[in-house]
K.L.:
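Encoded as structure tokens, here's the structure I'll be asking about.
Worth knowing before you read on, the calculation uses all heavy atoms, side chains too, and leaves out hydrogens, waters and symmetry mates.
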Amino acid sequence: MLSLHSFLFILMMGFLCVSGFTPTDNYLINCGSSKDINIGNRVFVADKSATKFLSTSQDILADIITPSNSITKSNDSPLYQTARIFTQKSSYKLPIAKSGRHWIRLYFYPFVYKTYDMSLSRFSISTQQNVLLGNFSPKNNVTVKEFSVNVTTKDLVIMFSPLSYSFAYINALEVMSVPDSLITEDASTFDPSGVFSNMYAQALETVARVNMGGPAVSFENDTLWRNWVTDRSYLTQPDFAKSVSKIGSVKYPSGGATSDIAPQTVYGTATKMNVDASGNDASANFNVTWAFDVEQGFQYFIRLHLCDIVATAANQLLFNIYVDSLNVAADFDLSSKVQSRLANAYYMDFVTPPANSNKISISIGPSSKSSYPDAFLNGLELLKLNNSWGSLADVSSVPTSSSSGSKKNIGVIVGVIIGITLILLMVGVLFCMHRRRKQEQLRLSKSWVPLSTTGGMSHTMGSKYSNGTTISAASNMSYRIPFVALQEATKNFNESLVIGIGGFGKVFKGVLSDGTKIAVKRGNPSSQQGLREFQTEIEMLSQFRHRHLVSLIGYCDEKNEMILVYEYMENGTLKGHLYNSDMPSMSWKQRLEICIGSARGLHYLHTSYAKAVIHRDVKSANILLDENLMAKVADFGLSKAGPELDQTHVSTAVKGSFGYLDPEYFRRQQLTEKSDVYSFGVVLFEVLCARPVIDPSLPREMVNLAEWAMKWQKKGQLEQIIDPKLAGKIRPDSLRKFGETAEKCLADFGVDRPSMGDVLWNLEYALQLQEAVIQDDPDENSSNLIGELSPQVNDFSHVDAATASTVRFAASNLDDLSGVSMSKVFSQLVKSEGR
């Protein structure tokens, strides 16, 4: 409960805050109405006063009072009593006096007017630069959509595009300029680059604006006319949370947060851990978590508002802040940000990678370094960023109405995209119908085609990667394994046999009746993401056979299951051998051989077909080791076909793992095989340093392994950060060549990175430098052997003709040499007697 003092303070703020900011551009339109209305302290002008801004061939003004069989309950607010209806494409063109960031707020409340049932409407709304809403249909209650766009033109055009069979409508429209300081140019990210730049150019849609621990804050009490809702409905465990209020104590430090960033009513209340401040809960160890609905494939801007109204001057409070499972602010010390002063307002911004689920969670929890366990959060804003098309809506959801002459008509662009997509889909459907004509009676409820319809029959499987591969039960990888056999092999999926857990599901160790050891990956049939990965894994591994790619033994689709069965890899993952385990440490030679084997597998993927196959999730956890520590690349659930011969990249949503993501792919959503090369470069440093690629518990400069290792590599002091177990056991020349190779893999731009073939040759060379002493080698200190030792090998000035022929043959037949140590090929290059 708020104290009387706090309540009176809120009322006082209602009178004072409106004078905090005066917008240069300020359009408030009461659509469909013949009169002005006053909402709070703001006047929404009558529709007729705004017709000079409106371009439409119609004049349909709806009034809720008109007799009708409305399916909606009347809304008392005068703002929602009228609406303007559009049956054709129409637009508002508003002159802009001051370029920069503007609010666009769209107000909707569906009711029935004559033959127009607004709850059934379908339409899109866009500006010259951005699609704001696509295939939109307001629900049967008040809906306010808020956007923040950067306007750089003299006019802002807001276009309403109804679907061909429907109409569009709006109850009220608001466009208002906002302070330039509201959104800064940069924000922290969770990707390898560390910073998301060019925030000014982004269009944003408000998903949630929350006042933690306090009451709802209406637009009358906010200098920028924002609404803040309470946090109770977002809390996953309300019993874990406790509210605090000290509104009168809030201060805005010079050069920091202002009342435009968030009002005192937000900074003056907080949700904290439900612990006793007296210290009686010294052992408390839990998180307070809020969960928010989001749309997959989009990035999100998160602003956290913090003001310490919880701690006392005698106690320093440190705590952790998490976005999903990632600790984005480990041992966070607010006092260090605000000169050790309590109740000083502070905020920090983050941009997430593209969401791969429909939820984002924000959590706070205790730090082990704090003098007592507690954590708090005062406010939160969650906004969606536009995608690479400049759209805040899924492209497939945008209607394809005709152009009205705008030079940057997004509707036309989207229409062309959808048209091409539909043609491709029709061609694909016809192809699938032809191929599956004889299997109609065997059609399964799932949308994927099994490897074989029976255990003893062969099945020809074609895909976008090949013309068709005939596989049969005799091939060890195409027979359908009965569910009961897998139950027996895994002792009914006994939890004690779990050897791994991933996004697809759990992996069990098993033994078939013939004694064959297997790894059984059991997925969740109801997971759409899992289904896509299941399809991709079968499609990939049913075609690839290489000793450095994990082999698929079979699959099971009975009982609505999605189960993949692989060869069992005795020594688990490379990650498990590097850190956080009791496994014996590997020698430098063993680590090099594992890197070489992995590079062979990836090189095979990139070069063995007309189009490269891009793994997209290269990491140490996806490199498995057999009983002889031979490496095999695994987990092809995210793999994707590379670009066509006449293309440079594939445009796709970003997928991968934190710490390994190619920053260029992350920024531009343009995928090439060089994205795998970047991820592999991170693995190389992971192998060398034997530490996680992201470790929030370390000092800030050490959190990201790639950034940290590159600093030492560029200083020529890589030996300072290697795994202590390797100290004194790596020859300097081998370490130098290994570091140079990893550095080139981590180049900022893909065009500057080597191919996997180049990487393979250099790793082989690093192995030879480790195993042999090279005397008087003029190339020993070369930093450009990636070019000199590429698979093309253009310069053989130091190699005799026979050796040159051997190397050229090896370079052109790397796939055939997958089981042969490349050290034999290099032996003539690195030994003096062969030069």
K.L.:
Assert yes or no for the condition that the ring centre distance of F167 to F86 is strictly below 6.0 Å.
P.N.:
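Here the rings of F86 and F167 have centres that are no less than 6.0 Å from each other.
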K.L.:
Please say which of V175, V149, L182 ends up in a side-chain contact (heavy atoms from CB on, under 4.5 Å) with W103.
P.N.:
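The residue from V175, V149, L182 that satisfies side-chain contact (heavy atoms from CB on, under 4.5 Å) with W103 turns out to be L182.
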K.L.:
Determine yes or no for a side-chain-to-main-chain donor-acceptor pair under 3.5 angstrom, with H102 supplying the side chain and I96 the backbone.
P.N.:
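Checked: no pair found.
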K.L.:
Give a yes or no on whether a salt bridge exists between E174 and R42, defined as a side-chain N under 4.0 angstrom from a carboxylate O.
P.N.:
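Yes, charged N to carboxylate O under 4.0 Å.
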K.L.:
Hey, does the side chain of S166 reach the backbone of L163 with a donor-acceptor pair shorter than 3.5 angstrom?
P.N.:
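Looks like no, no N/O pair under 3.5 Å.
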K.L.:
Roughly how far apart are H305 NE2 and M348 CE, rounded to 0.5 Å?
P.N.:
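Here the rounded value is 11.0 Å.
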K.L.:
Is the distance between the ring centroids of Y80 and F111 less than 6.0 Å?
P.N.:
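No - the distance between ring centres of Y80 and F111 does not fall below the 6.0 Å cut-off.
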K.L.:
May I ask you to decide if R303's main-chain N or O and E381's side chain share a donor-acceptor pair within less than 3.5 Å?
P.N.:
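Not a single qualifying donor-acceptor pair exists.
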K.L.:
Hey, would you say the Y169 and Y116 ring centroids sit under 6.0 Å apart?
P.N.:
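Between Y169 and Y116, the centre distance exceeds or equals 6.0 Å.
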K.L.:
Return yes if a side-chain donor-acceptor contact under 3.5 Å exists between T82 and D63, otherwise no.
P.N.:
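The criterion, which ignores hydrogens and geometry beyond distance, is not satisfied for D63 and T82.
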K.L.:
Can you tell me if Q81 uses its side chain to pair, donor with acceptor, with the backbone of I64 under 3.5 Å?
P.N.:
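Checked: no pair found.
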K.L.:
Taking atom types as modelled and ignoring hydrogens, do the side chains of S218 and E220 form a donor-acceptor contact shorter than 3.5 angstrom?
P.N.:
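Distance-only check passes for S218 and E220.
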K.L.:
With a 3.5 Å cut-off and no angle check, do the side chains of D117 and S119 form a donor-acceptor pair?
P.N.:
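Indeed, the side chains of D117 and S119 share at least one donor-acceptor pair under 3.5 Å.
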K.L.:
Would you find a donor on one side and an acceptor on the other, under 3.5 Å apart, between the side chain of D36 and the backbone of A46?
P.N.:
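Answer holds: yes.
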K.L.:
Looking at the rings of F53 and Y92, which for Trp means the six-membered one, are their centres under 6.0 Å apart?
P.N.:
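So the answer is no for these two rings.
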K.L.:
When you measure from the centre of the six-membered ring of F298, is the NZ or CZ of K384 closer than 6.0 Å and no more than 45° off the axis?
P.N.:
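Satisfied, under 6.0 Å and within 45°.
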K.L.:
Taking D222 for its side chain and L224 for its backbone only, find out whether a donor-acceptor pair lies under 3.5 Å.
P.N.:
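Yes; judged by distance alone, with no hydrogens or angles, the pair exists.
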K.L.:
Is a side-chain N or O of Q299 found less than 3.5 angstrom from the main chain of T352, in a donor-acceptor match?
P.N.:
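Yes; at least one donor-acceptor contact below 3.5 Å.
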K.L.:
Does S177 reach the main-chain N or O of D25 with its side chain, forming a donor-acceptor pair under 3.5 Å?
P.N.:
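Confirmed, S177 side chain pairs with D25 backbone.
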K.L.:
To the nearest 0.5 Å, how far apart are OH in Y234 and CH2 in W290?
P.N.:
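Nearest 0.5 Å value for the OH-CH2 distance: 13.0 Å.
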K.L.:
Is there a side-chain contact between F160 and K89, using heavy atoms and a 4.5 Å cut-off?
P.N.:
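With C-beta onward as the side chain, the pair stays apart.
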K.L.:
Who passes salt bridge (charged side-chain N to carboxylate O under 4.0 Å, His left out) against D59, sequence neighbours left out?
P.N.:
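In terms of salt bridge (charged side-chain N to carboxylate O under 4.0 Å, His left out), with neighbours along the sequence ignored, D59 is linked to R84.
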K.L.:
In Å and rounded to the nearest 0.5 Å, what is the CG to OG distance from L133 to S161?
P.N.:
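Answer for the CG-OG pair, L133 versus S161, is 11.0 Å.
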K.L.:
Using modelled atom types only, decide if a donor and an acceptor are shared between the side chain of T206 and the backbone of A208 within a distance under 3.5 Å.
P.N.:
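Judged by distance alone, no pair lies under 3.5 Å.
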K.L.:
Are K359 and D293 ion-paired here, with the side-chain N under 4.0 Å from a carboxylate O?
P.N.:
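Salt bridge flag = yes for D293 with K359.
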K.L.:
I'd like to know if D662 pairs up with R616 as an ion pair, taking the criterion as any Lys NZ or Arg NE/NH1/NH2 lying under 4.0 Å from an Asp or Glu carboxylate oxygen.
P.N.:
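R616 and D662: not salt-bridged.
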K.L.:
Just say parallel, tilted or perpendicular for the rings of F136 and F123, cut-offs at 30° and 60°.
P.N.:
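Because their plane-to-plane angle is over 60°, the rings of F136 and F123 count as perpendicular.
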